[in-house]
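Here is the structure we will look at, set down as structure tokens.
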Amino acid sequence: MTRMLIMGPPGSGKGTQASRIADKLGIVAISTGDIFRYNVKEMTALGKEAKKYMDNGDFVPDDVTNRMVAERIRQSDVEHGFLLDGYPRTSGQVEALDGFLTEDGQALNVVIELTVPDEELVARLLGRAESDGRTDDTEDVIQHRLDLYHEQTAAVIQSYVTRGIVQRVDGTGQVDDITERLLQAVYSVRERTGNLPVVQSVADGDGGNPE
Ligand code: AMP
């Protein structure tokens, strides 16, 4: 059973890779950003609450975010595992997640950090801003977003590093190659931590997972 999360800076291709590897592993990808955006669009109570923060580029408060994730990971489609994307982002969220999982007799077993050098991220994000007509996304603004990411994720990642479940993956190159690297990283953490043996290699074809 894979219960994992993926972290990566803006522009790293994390969202795309998250859904690809979740498909390959037969688990559900849960993106808190997507859930919030859906709720904003549908104008639910949660959406109205979240919008106030999202519009300013701030984090939605931990209690709101944690409650939403606790509910989501207890739905029946998650029984074969999950891949969290965009959560946890604060130390409070790390603790809350540990709390829900422990209550359910579960634990997180893989954390992937997708890495791309800042210079390449700036170039990718500037290119995207230009094609989207977002002229406010200057190099300085982008660099600031990247600095914030590094600052915020450092503590979160560190708490998982000490558990020995973190694997860094190079997020540069071809999309398919990155997916392959990510899958191998998931298998290697599981093997290293004794979390179910790997009986099939991704190179065999379907990227199949024996579970
Ligand atoms: P994202 O697409 O992951 O960048 O998320 C978009 C927005 O949703 C963020 O700017 C936050 O306002 C909110 N959000 C997503 N995930 C979280 C989280 N784990 N904690 C707090 N706010 C979040």
Side-chain angles (χ1 to χ4, degrees), residues 1-38 65 69 72-73 77-78 80-89 93-94 97 108-129 131-132 137 142 145-146 148-150 152-154 156-157 160-161 163 165-193 195-196 198 200-211:
M1 175 80 75
T2 306
R3 295 190 184 90
M4 62 177 290
L5 64 90
I6 184 166
M7 307 193 80
S12 62
K14 170 176 63 82
T16 307
Q17 293 294 346
S19 39
R20 284 178 147 228
I21 61 173
D23 272 358
K24 294 264 191 189
L25 295 167
I27 59 180
V28 181
I30 300 174
S31 152
T32 44
D34 283 353
I35 303 177
F36 281 133
R37 275 185 289 275
Y38 172 81
T65 308
V69 174
R72 182 65 189 90
I73 63 174
D77 60 336
V78 183
H80 301 297
F82 59 75
L83 190 173
L84 288 169
D85 168 9
Y87 180 94
R89 285 192 194 174
Q93 293 179 6
V94 170
L97 176 63
L108 203 64
N109 44 33
V110 179
V111 173
I112 299 288
E113 185 185 3
L114 191 59
T115 64
V116 176
D118 272 10
E119 308 84 74
E120 182 166 339
L121 292 170
V122 171
R124 287 187 194 178
L125 292 167
L126 275 177
R128 200 190 281 175
S131 59
D132 293 353
D137 260 3
I142 289 170
R145 269 159 59 203
L146 294 177
L148 274 182
Y149 167 82
H150 292 305
Q152 288 156 354
T153 46
V156 171
I157 295 206
Y160 295 120
V161 166
R163 302 181 202 182
I165 58 172
V166 177
Q167 185 87 21
R168 300 183 87 189
V169 174
D170 174 6
T172 60
Q174 298 296 314
V175 178
D176 285 345
D177 295 340
I178 300 167
T179 306
E180 177 67 21
R181 260 177 243 151
L182 285 165
L183 287 168
Q184 293 301 344
V186 172
Y187 296 144
S188 88
V189 175
R190 289 177 38 163
E191 209 167 19
R192 193 170 76 215
T193 56
N195 180 262
L196 294 184
V198 175
Q200 191 180 9
S201 136
V202 209
D204 294 347
D206 67 1
N209 181 318
E211 281 172 62

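The figures that follow rest on heavy atoms only: side chains count, while hydrogens, waters and symmetry mates do not.
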Flag the pair [X] / [Y] as yes when at least one side-chain heavy-atom distance between them is below 4.5 Å, and no otherwise.
X	Y	result
I157	V111	no
L97	I73	yes
T2	N109	yes
L108	F82	yes
L114	I178	yes
T179	Q174	no
V175	Q17	yes
V69	I30	no

Only counting residues at least two apart or in another chain, list the ones meeting side chain to side chain donor-acceptor pair (under 3.5 Å) with D170.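 With sequence neighbours excluded, D170 shows a side chain to side chain donor-acceptor pair (under 3.5 Å) to T172, given in chain and number order.
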With E120 via side chain to side chain donor-acceptor pair (under 3.5 Å) - residues at least two apart: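 Per chain and number, E120 pairs via side chain to side chain donor-acceptor pair (under 3.5 Å) with R124.
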Could you check T32 against R72 for side-chain contact (heavy atoms from CB on, under 4.5 Å), going step by step and ending with a plain yes or no? CA-CA 10 Å; T32 44; R72 182 65 189 90; over 6 Å; no
Between [atom1] of [X] and [atom2] of [Y], what distance do you get to the nearest 0.5 Å?
X	Y	atom1	atom2	result
K24	E180	NZ	CD	7.5 Å
M7	L84	CE	CG	10.5 Å
T153	Y160	OG1	OH	12.5 Å
I27	H80	CD1	NE2	11.5 Å
I165	R190	CD1	CZ	13.0 Å
I6	S31	CD1	OG	11.5 Å

In sequence, state the C-alpha distance, the side-chain angles, and the governing distance for I21 and M4, and then conclude on side-chain contact (heavy atoms from CB on, under 4.5 Å). CA-CA 11 Å; I21 61 173; M4 62 177 290; 4.0 Å; yes
Qualifying residues under side chain to side chain contact (heavy atoms under 4.5 Å, CB included), relative to [X], sequence neighbours excluded:
X	value
A29	A22
T16	R20
Q93	D62, T65, N66, Y87, P88, R89, T90
R128	L125, D132

Verify the neighbour count for atom CZ of R163: are there more than 12 heavy atoms of other residues, nucleotides or ligands below 6.0 Å?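 For R163, atom CZ is crowded (more than 12 foreign heavy atoms under 6.0 Å).
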Name all residues meeting the salt bridge (charged side-chain N to carboxylate O under 4.0 Å, His left out) criterion together with [X]; count only those two or more places apart in sequence or in a different chain, and write none if there are none.
X	answer
D23	none
R192	none
D118	none

Considering all heavy atoms of both residues, which atom of [X] and which atom of [Y] are nearest to each other, and what is their separation?
X	Y	value
I142	D137	CD1-O, 3.8 Å
P10	L121	O-CD2, 3.5 Å
A18	L83	O-CD1, 3.5 Å

Please list all pairs passing the salt bridge (charged side-chain N to carboxylate O under 4.0 Å, His left out) test where one or both residues lie in residues 1-19, with sequence neighbours left out.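 The answer is K14-D85.
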